[in-house]
Asker: 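Okay, handing you the structure first.
Residue numbers start from 1 in every chain, and the chains themselves are labelled A, B, ... in the order their sequence lines are given, proteins ahead of strands. Hydrogens, waters and symmetry mates are skipped; everything else that's a heavy atom, side chains included, is used.
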Amino acid sequence: MSNWIDIAALDDIPKRGARLVKTVHGCIAVFRTGTDEVFALDNACPHKNGPLAEGIVHSNSVTCPLHNWVISLETGSVQGPDEGQVATYPARVEGGRIFLDAAMLDQRAVA
Amino acid sequence: MTQKLIIIGAGMATGRALEHLLDAGGGYDVTLFNGEPRGNYNRIMLSPVLSGEKTYEEIITHTAEWYEENGVNCRFGEKVVAIDRAAKAVTADNGDVLSYDKLLFGTGSNPFMIPLPGHDLNGVIAYRDLEDTERMMGLGEDNKCVVIGGGLLGLEAAAGMAARGVDVTVVHIMGHLMERQLDEAAGYLLRKALVDKNITVRCSANSKEILGENGHVKALLLDDGTELPCDLLVMAVGIRPNIALAQDAGLAVGKGIHVDDQMRTSDADVLAVGECVEHDGAIFGLVAPLYDQAKVVAKTLLGEDAAFVQKELSTKLKVTGCDLFSAGDFAEGETREDIVFRDPARGVYRRLVLENNQIIGAVMYGDTADSNWFFGLIRDKTDIADMRETLIFGPAFQGGAPSDPLSAVAALPRDAEICGCNGICKGKIEDAIAAGATDLGAVRATTKASGSCGTCTGLVEQVLAVTLGDDFVLPAVASVCGCTDMTHEDVRRMVKSQELKSMAAVWQECGWKTSCGCHVCRPALNFYLLADWPLEYQDDPQSRFINERKHANIQKDGTFSVVPRMWGGITTPDELRAIADAADKFAVPTVKVTGGQRIDLLGVKGEDLPAIWHDLNKAGMVSGHAYSKGLRTVKTCVGTDHCRFGTQDSTGLGINLEKTLWGSWTPHKLKLGVSGCPRNCAEATCKDIGVVCVDSGYQISIGGAAGMDVRETELLCQVASESEVIDVIKAVTQSYRENAKYLDRIYKWMSKVGLDWIEEQVMDLENRAKLVARFELSQTVYRKDPWAQHVAKAETYQPIANLSLEAAE
């Protein structure tokens with residue numbers, strides 16, 4: 001069951017930027033693209049746990065700041081020749097506010 | 001008995017509903033209230049009235065005679081102030097009480113006024129009705145107007161007034177115009193078209209206050225301190241459904257008045273239509289769905305079955321004189337693909353977004369002739385797999401030729417400068433080719449183009465290719481990245497010669513193949529724009545690597561390292577104490593002296609950065625830029641102050657150089673060294689720029705390295721005075737940042753252009769002075785402490801939300 005919670009205003013994140021959300025099980029990176037879509041992913045690159053929130057966002061991808069792995073914001077899968085997967089969480093924008101699905105975040109503990 | 005229908009609002013929706021009702025034979029005794037002292041006119045035609053293409057009389061849809069002939073009892077200029085649903089009666093503002101059997105809301109929407117200080121001054125208006133339009137039409141040619149809002153409405157207002165000779169400035173809070181309908185590239189083209197119409201456009205501009213004099217508007221103050229003088233200020237930032245009356249009457253409302261598929265509100269005898277309604281979560285601003293609703297509401301009133309269905313909508317937008325089109329969803333996505341077509345010569349931009357072999361969105365600018373065809377493909381979910389290759393060219397080109405990658409160069413005018421060193425324009429190269437120079441060497445020999453620094457070689461070759469066609473084969477060169485076929489040098493030349501001053505301008509004019517670049521090209525473009533247009537171009541932090549964005553170096557565990565500046569390597573006991581205190585306070589695990597004689601605090605948490613900067617700032621220290629593609633350090637020895645061999649004040653010179661160069665952005669990191677004698681204790685001869693002091697003066701050498709490559713500098717010149725040292729180094733640095741490829745250290749740039757060429761640039765006194773002047777100009781913008789600036793936005797370094805507490809409850 002989904003439980004949408006209001007995280008912040010869309011404008012709290014710069015276009016093509018990211019901010020962190022703290023949870024009991026670690027940080028989630030919330031990204032805003034150039035077209036104002038938002039995505040939520042675990043803030044750790046599958047390569048060496050690079051903080052994805054610090055990467056450069058381009059189209060619907062982010063480039064990890066440590067070793068330039070490119071990760072799809074939509075699927076969490078690593079692009080190009082590398083392989084790997086980052087957990088993604090439902091996120092949406094409504095009326096200029098960002099909502100995350102708390103129920104899905106809670107499932108992280110189980111997973 | 002005839003039933004009584006009361007309609008509140010004489011707008012386009014209720015006008016159309018009345019027509020349907022009367023066409024079907026009526027059956028109602030209709031009373032029509034309208035706040036405006038007139039009947040229905042075509043509100044979307046107010047823009048042509050404003051620009052003078054039409055008169056008000058031409059946009060009236062229902063005249064007073066029409067209402068009279070159709071037996072409508074009009075109460076124009078009167079408002080309904082209360083509704084008693086139990087008694088089924090409305091109260092007018094003059095106290096009259098009228099009963100109804102059915103009530104129809106058509107209250108439309110209200111313009112939204114930003115509650116800025118001064119918004120109630122005389123001369124601050126919205127752009128909504130005929131009165132507003134007349135106020136704008138009343139402005140004379142010598143008047144100034146500011147329009148807040150770069151959406152369709154604001155731009156229409158601006159274009160209309162500009163057509164009448166008014167000096168108009170549009171202030172828009174977002175980075176590009178019409179951001180909801182257009183992507184950045186189309187927004188850039190639109191802006192260009194408006195600027196051509198003498199409209200000033202300021203994007204990313206935050207309004208702070210409306211200033212007045214004697215109760216009348218005088219200027220708009222932006223939060224960066226800019227004052228925009230104006231005689232009239234138009235706020236065109238959006239509209240909101242007018243629901244106050246419905247709310248007072250106890251009807252269910254959300255963003256608008258809730259209606260079902262039959263346009264009934266929560267009270268079955270009360271209906272609503274038009275901009276004031278909310279249907280299935282949506283509100284409506286375009287005319288097509290309003291007319292659909294009008295048809296449905298008429299049928300409901302007549303007791304016939306009808307249901308309103310929301311449809312896929314396209315917007316063919318007509319900002320006076322500019323062709324725009326947007327439809328569907330043009331966001332990017334993992335499963336979505338983009339087809340982008342740019343024709344810089346004609347100012348045409350088209351973008352299609354595909355998913356599962358269907359077009360789901362389209363944005364077009366400049367040529368919208370095919371928009372209906374594309375919209376049809378979106379609406380019908382047509383499978384486009386078979387025509388994918390030529391889809392972007394529209395229906396007429398199915399099976400046609402693909403686009404020409406050389407079109408950007410082909411489009412340059414004859415007087416566009418190709419070779420900056422020698423001032424050679426495209427026309428001269430074309431003439432040389434016509435006279436028989438058919439390869440690069442011959443063009444070089446006859447025109448000097450690409451004969452000096454050589455960074456325009458790619459462009460010269462492209463001119464050859466465009467002019468000679470198949471007779472010339474372009475050598476394969478590495479492009480910046482997958483987003484473009486152009487090389488770094490080509491892009492740099494375009495940025496200069498075509499005066500490109502924004503990311504969007506480069507993407508469009510250079511035919512970028514992606515919508516917003518990638519992590520490879522964006523930092524390079526950001527640098528090129530900053531370097532060439534220091535005053536006009538605003539840094540784009542999102543196009544910088546994290547180290548430069550957060551002014552600290554990211555480490556393998558995601559923590560950061562912080563390096564305060566120590567000018568010329570000199571520090572004091574007080575500074576050392578402050579560094580030690582900061583290290584204690586923020587539990588810094590490692591304190592290290594760097595190779596460049598600075599102290600590095602390693603392992604600082606990202607969210608602590610503004611706080612540690614604050615403490616270091618307080619002790620008088622600023623950022624050491626240990627993270628930047630810019631000046632890092634000037635390493636020194638002690639020179640004449642203490643050393644028995646020192647020939648000059650090398651420490652003092654190092655400090656001077658560092659204070660001159662700090663904050664400057666360069667293609668790659670820039671490290672300097674100043675040694676007081678040829679024993680070279682500061683290791684100046686393996687720096688990017690090194691100074692070795694000798695008895696007779698100063699030897700300046702460049703192109704050293706002690707990184708991936710280890711190289712010794714080469715001697716550039718020897719000068720007699722400190723001030724000459726500083727001028728030569730400013731000139732070298734400026735030449736380096738104007739000409740080198742992003743991420744080339746000086747030695748790489750030097751191996752490409754040659755030491756001789758650099759020497760010519762900086763030893764020619766006239767040219768040196770120009771380079772120095774340009775260097776100083778850009779330093780007026782960038783010689784600032786980023787730490788102090790970022791402490792002010794410390795909250796952006798914090799997590800945006802903390803759910804760990806919430807979950808614990």
Side-chain angles (χ1 to χ4, degrees), chain A residues 5-9 11-30 32-37 39 43-44 48-51 53-68 70 72-77 79 94-95 98 100 102 105-106 109, chain B residues 173-176 179-180 183-184 204 255 281 329-336 338 353 361 481 483 503-504 514-523 526 540-547 549-550 554-560 606-607 795-808:
Chain A
I5 43 174
D6 186 336
I7 295 297
D11 288 340
D12 288 338
I13 306 179
K15 259 187 203 281
R16 301 190 188 99
R19 294 282 294 274
L20 290 178
V21 170
K22 270 196 178 166
T23 79
V24 263
H25 309 293
C27 283
I28 305 269
V30 183
R32 174 182 179 187
T33 67
T35 51
D36 287 344
E37 289 182 274
F39 298 98
N43 186 37
K48 294 201 169 177
N49 288 327
E54 319 282 20
I56 288 180
V57 177
H58 46 99
S59 297
N60 280 18
S61 309
V62 61
T63 298
C64 175
L66 292 193
H67 305 97
N68 288 341
V70 178
S72 158
L73 296 177
E74 296 215 342
T75 62
S77 60
Q79 309 288 287
E94 208 175 281
I98 299 169
L100 294 188
L105 295 182
D106 283 346
Chain B
I173 193 166
M174 304 304 288
H176 69 275
E179 75 285 348
R180 279 197 232 161
D183 58 9
E184 270 177 292
S204 305
K255 283 177 283 187
D329 180 356
F330 53 86
E332 287 158 24
E334 177 63 23
T335 54
R336 296 177 178 182
D338 256 347
V353 182
C481 64
C483 301
M503 289 272 176
T514 52
S515 68
C516 65
C518 70
H519 70 275
V520 178
C521 60
R522 284 230 310 273
N526 189 52
D540 176 22
Q542 298 312 127
S543 293
R544 286 193 178 278
F545 186 62
I546 186 62
N547 287 356
R549 218 180 315 141
K550 288 211 164 156
I554 195 163
Q555 307 296 333
K556 62 185 277 189
D557 60 354
T559 62
F560 291 85
E607 51 195 277
E795 81 280 2
T796 64
Y797 285 74
Q798 303 301 317
I800 195 172
N802 189 344
L803 300 183
S804 50
L805 303 170
E806 208 155 311

Asker: List in chain and number order the residues that pass side-chain contact (heavy atoms from CB on, under 4.5 Å) with B/Pro799, two or more places apart in sequence or in another chain; answer none if no residue qualifies.
Answerer: A/Leu20, A/Lys22, B/Glu607

Asker: Do A/Thr35 and A/Thr33 get their side chains close enough for a donor-acceptor pair, meaning under 3.5 Å?
Answerer: yes

Asker: Answer with side chain, backbone, both or neither: which region of A/Leu66 has an atom nearer than 4.5 Å to a non-hydrogen atom of chain B?
Answerer: side chain

Asker: Between A/Thr63, A/Ile7, A/Asn49, which has the largest tally of heavy atom pairs under 4.5 Å with chain B?
Answerer: A/Thr63

Asker: Picking from A/Val62, A/Val21, A/Leu100, which has the most non-hydrogen pairs under 4.5 angstrom with chain B?
Answerer: A/Val21

Asker: What part of B/Lys556 is in contact with chain A, defined as an atom under 4.5 angstrom from a non-hydrogen atom: side chain, backbone, both or neither?
Answerer: backbone

Asker: Hey, is the main chain of B/Asp540 close enough, under 3.5 Å, to the side chain of B/Asn526 for a donor-acceptor pair?
Answerer: yes

Asker: Is A/Glu54 in contact with chain B via its backbone, its side chain, both, or neither, using a 4.5 Å heavy-atom distance?
Answerer: both

Asker: Given heavy-atom pairs under 4.5 angstrom as the criterion, report whether the side chain, backbone, both or neither of B/Gln555 touches chain A.
Answerer: backbone

Asker: Measure B/Arg544 against the heavy atoms of chain A and call it side chain, backbone, both or neither at under 4.5 Å.
Answerer: backbone

Asker: So which atom in A/Pro51 and which in A/Asn43 form the shortest heavy-atom distance, rounded to 0.1 Å?
Answerer: C-OD1, 3.4 Å

Asker: Over all heavy atoms of both residues, which pair between A/Asp12 and A/Arg19 is shortest? Give the atoms and the distance, please.
Answerer: O-NH1, 2.8 Å

Asker: By a 4.5 Å heavy-atom criterion (distance strictly below it), what part of B/Pro541 contacts chain A: side chain, backbone, both, or neither?
Answerer: neither

Asker: Excluding sequence neighbours, so at least two apart, what forms side-chain contact (heavy atoms from CB on, under 4.5 Å) with A/Asp11?
Answerer: A/Arg32

Asker: Apply side-chain contact (heavy atoms from CB on, under 4.5 Å) to residues A/Ile98 and A/Ile13 and explain how you reach the verdict.
Answerer: CA-CA 10 Å; A/Ile98 299 169; A/Ile13 306 179; 3.7 Å; yes

Asker: For A/Val57, is it the side chain, the backbone, both or neither that has a heavy atom under 4.5 Å from a heavy atom of chain B?
Answerer: backbone

